[in-house]
Amino acid sequence: MNPQHPGTPYAAPASRSYPPTSQPTGEDAQPLSTTGGLATLAGAALLTFAGGMAVLIGYLMIGGFGAFIGIFGAIFGFVWLAGVHGGKVFPREGFPTKSLGGLAAASVVLLGLAALMS
């Protein structure tokens, strides 16, 4: 017994399982969707590619300072995308199809610009 906390020692309720899980069980349990994971993977790949292309275009335009500005442009894109998805850059349920299409289109446009500049 701890002298600073007198009383009965803590006993865990017998009805709960150990270790506790955050996953619902029984009637509330739902199967996990793999489409959310694939959409998140595709969105992460496109977002990384578009951010890299923004840095590359900045570098091709004005050198090292342009790459620095491109980094800020990529950060702005991440923050904007988080605002679109309710504060999360990578939503748990995966990217909506509209966001994936927009990221793909932006990536193609940035790749075309970089190809024209080089």
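The shown structure was predicted, so the numbers you read here are calculated from the model rather than taken from an experiment.
Of all non-hydrogen atoms in G51 and A74, the two that sit nearest each other are CA-CB, 3.8 Å. Here the shortest heavy-atom pairing between I57 and M117 reads CG2-CE, 3.8 Å. Here the closest non-hydrogen pair linking G43 and L103 is O-CD1, 3.9 Å.
For the pair F49 and L110, the minimum side-chain heavy-atom distance is 4.5 Å or more.
No chain of hydrophobic side-chain contacts below 4.5 Å, direct or via other Ile, Leu, Val, Met, Phe, Trp or Tyr residues, connects W80 to I71. A single hydrophobic cluster is not seen to contain both V55 and L60; linkage of ILVMFWY side chains at heavy-atom distances under 4.5 Å, directly or through other members, places them apart. Hydrophobic cluster membership is shared by L81 and L46, with clusters built from Ile, Leu, Val, Met, Phe, Trp and Tyr side chains linked at under 4.5 angstrom. Under a hydrophobic-cluster definition in which Ile, Leu, Val, Met, Phe, Trp and Tyr are linked whenever side-chain heavy atoms come within less than 4.5 Å, directly or via other members, I69 and F76 are assigned to different clusters. When the side chains of ILVMFWY residues are joined at heavy-atom separations under 4.5 Å, either directly or via intervening members, L38 and F95 end up in two distinct hydrophobic clusters.
Under a cut-off of 6.0 angstrom, the local environment of OH in Y59 is sparse, with at most 12 non-hydrogen atoms contributed by other residues, nucleotides or ligands. Other residues, nucleotides and ligands contribute over 12 non-hydrogen atoms within 6.0 Å of the CZ atom of F78.
No close placement of the F90 and H85 rings is indicated, their centers lying 6.0 Å or farther apart.
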